[in-house]
Amino acid sequence: MTRTPGSLQGSYDPESVEARWYPIWERSGAFKPETNPDGEPFAIVIPPPNVTGVLHIGHALDHSIQDAVIRRKRMQGYATLWLPGTDHAGIATQMVVERELADEGLTRHELGRDRFVEQVWTWKSRSGGAITQQMRALGDSCDWSRERFTLDEGLSAAVREVFVSLYERGLIYRGHRIINWSPGLMTAISDIEVEYEEVTGQMVRITYPFSDGDPEAREGITVATTRAETMLGDTGVAVHPEDERYRHLIGRTVRLPLMGRDIPIVSDAAVDPGFGTGAVKVTPAHDPLDFEIGNRTGLEPIQVIGEDGRMTTAAGVFAGLDRFEARERVVEALRGGGYLEGIDEFVHTVGHCSRSGVSIEPLLSRQWFVKVDDLIGPAVEVVRSGLSRFVPTRWEKNYFHWMENLQDWCISRQLWWGHRIPAWYCDQDGAVLVARERPDGCDRCGNRSLRPEDDVLDTWFSSALWPFSTLGWPEDSPDLQRFYPTDVLVTGYDIIYFWVARMLKMGMEFVEEVPFREIVIHGLVRASDGRKMSKSLNNNVDPMEMIELYGADALRLSLLQAASPGQDVPFDVQWVDAARRFGNKLWNATKFALIHIEPGSVPQTGGYPENPGPIDCWVLGRLGEVGSRVDSLLDDHRLADAYSLLYSFVWSEVFDWYLEMAKPVLAEGGPEAASTRRTLGVVLRDILKYFHPAIPFLTEELFNHLVGDELLITSPWPDLPHHRAPGGISTLQELVSSLRRLRSAHGIPARHKLHVILHDPDGVSSDWWNPQLGALVGAAAVTAPHPPEDPGYLRLEAGAVEAFVPFEGLIDVEAERERLRLRIERARGDLEQVERKLSNQAFRLRAPAEIVEREEARAADAARLLATLDSQLQDLGS
RNA sequence: GGGCGCUUAGCUCAGGGGAAGAGCGCUUCCUUGACGCGGAAGAGGUCACAGGUUCAAAUCCUGUAGCGCCCACCA
């Protein structure tokens with residue numbers, strides 16, 4: 001089913017390469033852990049994207065990292081599971097379907113709950129698969145046979161089990177509290193779904209006159225507020241008990257303007273005497289702090305703003321007005337009544353619904369809550385003790401900081417799409433029944449017509465169970481046993497609070513083991529100017545468009561190279577383009593190799609030459625060094641560093657040097673050429689292996705040409721024998737570079753052969769240098785026992801080798817002198833610097849020996865260079 | 001009000017106590033039989049600023065300035 005290997009035709013075309021391999025991988029079973037039954041398990045569960053969603057650039061980053069990790073582990077012989085799935089995303093999905101209904105002129109209420117939910121399922125089956133198709137285009141090697149959806153039967157059972165048992169443990173309760181109400185969505189939302197924005201508003205000061213003193217005195221107490229309309233629901237005024245200005249007023253009553261209600265002045269320590277006027281109007285129904293003060297001092301809440309954001313009948317003449325309209329009208333009315341002391345501009349933060357953007361209304365409401373205090377302890381402890389490790393660790397600080405000041409989590413939502421809360425009400429005796437299955441009747445009065453709870457759970461409730469619910473919990477399934485705790489979680493820092501913390505809490509509470517051993521945090525992908533990508537700025541980058549233009553491989557590599565752990569990545573097409581060009585380079589290098597080696601003849605593993613020639617030995621040695629460095633970087637999840645290192649090694653060493661040095665060897669034929677052909681094959685093969693996790697499609701394609709029938713995706717990770725680079729290589733490279741510089745500086749044309757006399761007292765050079773010098777710089781060298789005595793030669797140094805080039809008629813002598821003077825100046829500077837360092841006694845005493853040695857060597861080098869340059873200058877004649 | 005980052009080449013960013021790095025851009029040369037989606041040679045940086053620790057600081061510490069992000073019930 002794989003393609004017959006052959007030589008490569010044409011040029012690199014990502015689209016055709018990428019179309020081919022995904023189905024082959026999937027059919028081969030490589031994505032499933034069963035492909036390697038004896039392997040040690042290694043598991044990642046995907047952060048489930050919304051079913052409504054399409055792949056955005058953030059997913060592309062998140063998935064590139066996960067896929068790179070999982071692919072490498074697979075090649076290293078683990079039984080890897082990358083478990084995919086999607087989230088039902090309550091609000092988001094419901095909104096999409098509601099909008100569709102609106103186009104037909106319908107509302108969900110007209111449709112009714114059951115038909116509406118049915119409609120959402122239909123919608124889900126129709127377009128919910130879009131994102132999973134896009135994941136395939138990206139190359140995500142997940143096990144689709146284990147795909148999960150948060151509303152699946154199994155996951156729903158997990159949700160019910162967790163809800164009921166938390167309720168039984170007293171960790172879930174139903175309470176009447178101030179919650180964040182989104183008038184836009186008509187539902188409660190949790191604290192962390194509120195986004196705070198700084199706005200400039202008005203702080204109005206209002207005087208409430210005393211109603212219990214001399215009516216003629218026209219005295220009162222002045223309060224300040226930014227939400228004037230809430231004064232209609234005031235049931236008291238609070239001051240700090242120690243506040244000298246107001247202490248004597250505690251217990252008196254004032255008449256609430258516009259409403260004519262008498263309300264008491266109370267004292268409460270929560271009041272900040274330094275803020276505003278030091279006296280707070282208390283609206284228990286519309287402010288969390290006021291609600292608490294009200295509870296402590298016995299002030300009743302009066303709800304004046306309704307769930308739709310309009311004033312209620314309790315607001316008197318303002319009833320029916322929109323809350324913002326009411327704010328203006330109330331201020332006007334207060335001004336008219338002479339109650340208004342003044343208006344100041346005031347900058348403060350206002351909460352907005354992260355979904356609908358509407359300003360949040362704190363509302364007194366009966367909702368379900370999770371008491372988080374008891375769950376935090378173990379979730380903090382496992383991170384502190386390192387059982388679950390954040391990468392990079394600095395995110396732990398943020399995690400702890402956040403865990404310290406957590407409020408109870410409001411989990412009920414007034415939506416239809418989601419997990420219905422497993423509670424039933426008996427309307428006869430007011431009993432609340434919470435159960436895994438619908439109870440037959442009220443356990444107290446026997447009433448058989450129980451009313452089910454209408455509310456559904458916050459989407460994040462089911463997400464919190466994801467690492468174990470997807471593996472079969474509450475059943476003690478084989479997958480749960482084998483893959484839990486999962487090994488790595490890869491996610492952005494933006495959902496540490498929403499999601500990661502809650503998974504840790506729930507995992508510890510219900511499975512009593514950490515959900516994942518490592519938490520790899522990446523940043524957000526930003527626009528190239530560093531700003532957030534958003535629809536309103538119209539600076540969104542569509543990953544699918546990138547894939548079309550540059551290929552998934554290029555997109556992945558560019559994201560991986562740019563993503564430093566935990567750091568935001570500004571996205572720029574130039575990176576993707578550079579990555580594509582790298583792909584092109586790989587393609588062409590393989591094409592070159594296939595001219596010289598039989599397609600399909602490279603062994604899948606091993607096959608390193610027994611007696612490698614000098615350049616082969618060098619490249620194998622370098623590959624080994626770089627490879628082990630790359631391995632340790634990858635182990636530390638420093639993917640950006642690993643792939644950047646590989647990228648520059650492959651391009652600037654293997655392709656720019658080794659391939660060029662291989663050409664003359666291959667041309668000559670003989671046993672040397674055989675070794676080089678072999679080396680060329682295995683080195684390319686190993687490079688493909690190292691790059692496979694980042695650029696899976698192209699590497700698979702090229703591997704297929706080199707190796708034949710075996711799939712790269714399940715080939716073993718490279719394991720190189722140690723090779724020691726022969727000393728001559730770096731000297732040769734230095735010499736070549738010097739000669740190239742000479743050519744370049746003086747415009748010596750390529751066709752002009754350079755004749756070089758080598759003086760090589762240590763015998764560093766050898767026979768194989770000559771063809772190399774010929775191919776790489778167009779130079780021919782002869783070795784002489786002594787440096788030439790007559791003038792007219794330019795001396796170059798490469799390590800212990802001196803090279804003499806006759807310059808008569810070749811170079812611009814004046815220009816060369818100028819160049820030398822400049823270099824001499826620089827060399828002097830260097831020498832002085834090193835000598836200064838070496839003459840420092842403290843340095844000699846304190847610095848480690850190897851550093852001192854290195855500095856000494858440096859000084860010697862600098863001195864020799866200076867001498868060389870000086871003599872060069874003399875050779876040119878002054 | 002707390003916390004966490006960032007400031008390095010023209011641009012976008014890596015690096016993180018012992019000789020300043022990448023990609024893109026820029027200059028010059030090269031129609032080399034893998035690749036012009038390429039090659040070679042270059043120019044370009046007091047690593048934000050000020051102190052400190054150290055034999056040695058872009059790197060560690062303290063402070064300052066600017067810019068981001070997160071958290072918080074200042075009405």
Side-chain angles (χ1 to χ4, degrees), chain A residues 8 11-12 178 191-192 196 203 223-227 230 238 270-272 274-283 287-293 348-349 362 394-395 397-398 400-402 404-405 407 493-494 496-497 523-524 526 528-532 558 561-562 564 566-575 577-596 640-641 644-645 647-648 655-656 659-660 663 737 740-745 747-750 775-778 830 833-834 837 840-848 850-852 854-855 858 862:
Chain A
L8 281 177
S11 59
Y12 172 45
I178 297 274
D191 290 346
I192 55 185
Y196 291 91
M203 175 80 93
V223 297
T225 181
T226 53
R227 293 192 300 153
T230 61
V271 176
D272 175 3
F275 188 85
T277 63
V280 185
K281 57 185 273 310
V282 183
T283 324
D287 184 278
L289 181 65
D290 291 9
F291 180 69
E292 281 172 33
I293 294 175
H348 61 139
T349 52
R394 74 185 146 83
W395 284 103
K397 279 189 227 163
N398 294 54
F400 293 138
H401 183 247
W402 183 73
E404 275 160 22
N405 30 68
Q407 305 281 314
Y493 60 74
D494 54 327
I496 294 177
Y497 304 155
L524 270 31
R526 296 178 170 277
S528 53
D529 58 4
R531 291 197 293 181
K532 240 179 174 163
S558 65
Q561 278 186 292
S564 278
Q567 213 65 24
D568 283 350
V569 317
F571 183 88
D572 200 311
V573 201
Q574 71 166 39
W575 295 99
D577 191 48
R580 196 195 87 257
R581 293 212 299 274
F582 179 75
N584 186 56
K585 190 78 178 170
L586 266 183
W587 174 278
N588 282 302
T590 309
K591 190 168 161 181
F592 168 75
L594 289 170
I595 293 168
H596 299 280
D641 292 339
S644 299
L645 172 63
Y647 179 101
S648 53
F655 295 163
D656 288 348
L659 254 47
E660 293 308 315
K663 284 175 187 174
S737 294
R740 280 172 174 167
R741 229 168 292 145
L742 188 70
R743 272 192 186 283
S744 184
I748 304 169
L776 298 173
V777 262
D830 287 354
Q833 202 191 321
V834 191
K837 196 165 184 177
N840 183 344
Q841 276 310 306
F843 170 73
R844 290 188 168 282
L845 249 51
R846 303 280 190 86
E850 58 187 84
I851 300 292
V852 176
R854 204 177 63 196
E855 294 299 314
R858 224 180 110 195

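Letters go in sequence order (proteins before strands), and every chain restarts at 1.
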Can you name the salt bridge (charged side-chain N to carboxylate O under 4.0 Å, His left out) partners of [X], sequence neighbours left out?
{"X": "A:D641", "answer": "A:R638"}
{"X": "A:R844", "answer": "A:E856"}
{"X": "A:R743", "answer": "none"}

Whole-Å [atom1] distance, [N] and [M]:
{"N": "B:rG2", "M": "B:rG63", "atom1": "P", "value": "13 Å"}
{"N": "B:rG5", "M": "B:rG23", "atom1": "C1'", "value": "24 Å"}
{"N": "B:rC4", "M": "B:rA43", "atom1": "C1'", "value": "39 Å"}
{"N": "B:rU12", "M": "B:rU7", "atom1": "P", "value": "13 Å"}
{"N": "B:rC24", "M": "B:rG36", "atom1": "P", "value": "16 Å"}
{"N": "B:rC11", "M": "B:rA19", "atom1": "P", "value": "28 Å"}
{"N": "B:rC61", "M": "B:rA57", "atom1": "P", "value": "15 Å"}
{"N": "B:rG66", "M": "B:rG21", "atom1": "C1'", "value": "25 Å"}

Could you give the distance from [atom1] ([X]) to [atom2] ([Y]), rounded to the nearest 0.5 Å?
{"X": "A:N398", "Y": "A:I496", "atom1": "CG", "atom2": "CD1", "result": "6.5 Å"}
{"X": "A:T283", "Y": "A:L289", "atom1": "OG1", "atom2": "CG", "result": "10.5 Å"}
{"X": "A:F655", "Y": "A:F582", "atom1": "CZ", "atom2": "CZ", "result": "6.0 Å"}
{"X": "A:D290", "Y": "A:I178", "atom1": "CG", "atom2": "CD1", "result": "8.0 Å"}
{"X": "A:F843", "Y": "A:I851", "atom1": "CZ", "atom2": "CD1", "result": "7.0 Å"}
{"X": "A:Q561", "Y": "A:L645", "atom1": "CD", "atom2": "CG", "result": "10.5 Å"}

Query raised in the report: Taking side chain as C-beta onward, heavy atoms only, is A:L8 less than 4.5 Å from A:T590?
Result: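 Heavy-atom side-chain distance check passes, below 4.5 Å.
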Report task. Could you tell me whether the side chain of A:R740 reaches within less than 4.5 Å of the side chain of A:L776, counting heavy atoms only? Result ->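 A:L776 vs A:R740: side chains touch.
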Report task. Please tell me which of A:S564 and A:A745 maps to the more 5' nucleotide of RNA chain B, matching each residue to the nucleotide holding its nearest heavy atom. Result ->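 The residue mapped nearer the 5' terminus is A:S564.
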Which nucleotides of [range] have their base under 4.0 Å from a protein heavy atom (B), which only their sugar-phosphate (S), and which neither (-), written as one string 5' to 3'?
{"range": "nucleotides 21-36 of chain B", "value": "-BBS---------BB-"}
{"range": "nucleotides 67-75 of chain B", "value": "---SSBBBB"}
{"range": "nucleotides 5-10 of chain B", "value": "SS----"}

Query raised in the report: side chain to side chain contact (heavy atoms under 4.5 Å, CB included) between A:R580 and A:Y12: does it pass, once the steps are laid out?
Result: CA-CA 9 Å; A:R580 196 195 87 257; A:Y12 172 45; 4.3 Å; yes
side-chain hydrogen bond (donor to acceptor under 3.5 Å, both in side chains) partners for [X], two or more places apart:
{"X": "A:K663", "answer": "A:E660"}
{"X": "A:Y493", "answer": "A:D568"}
{"X": "A:R858", "answer": "A:E855"}

Length of the [atom1]-[atom2] vector between [X] and [N], whole Å:
{"X": "A:F400", "N": "B:rG2", "atom1": "CZ", "atom2": "C1'", "result": "18 Å"}
{"X": "A:L776", "N": "B:rA41", "atom1": "CG", "atom2": "P", "result": "11 Å"}
{"X": "A:R743", "N": "B:rA40", "atom1": "CZ", "atom2": "C1'", "result": "11 Å"}

With a 3.5 angstrom cut-off on both distances, give the Watson-Crick or G-U wobble partner of [N], or none if there isn't one.
{"N": "B:rG18", "answer": "B:rC55"}
{"N": "B:rG33", "answer": "none"}
{"N": "B:rA65", "answer": "B:rU7"}
{"N": "B:rG25", "answer": "none"}

Report task. Check side chain to side chain contact (heavy atoms under 4.5 Å, CB included) between A:S744 and all other residues, then give those that pass, not counting sequence neighbours. Result ->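 Partners of A:S744 under the side chain to side chain contact (heavy atoms under 4.5 Å, CB included) test: none.
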Query - Smallest separation among heavy atoms of A:A238 and A:V271, with atom names - result: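 For A:A238 versus A:V271, the nearest heavy atoms are CB-CG2, 3.9 Å.
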Short heteroatom pairs, N/O only, protein and nucleotides 43-45 of chain B, under 3.5 Å:
none

Pick out the pairs of N or O atoms, protein on one side and nucleotides 16-18 of chain B on the other, that lie under 3.5 Å.
residue : atom : partner : partner atom : Å
B:rG16  : OP1  : A:R638  : NH2          : 2.9
B:rG18  : O2'  : A:R854  : NH2          : 2.7

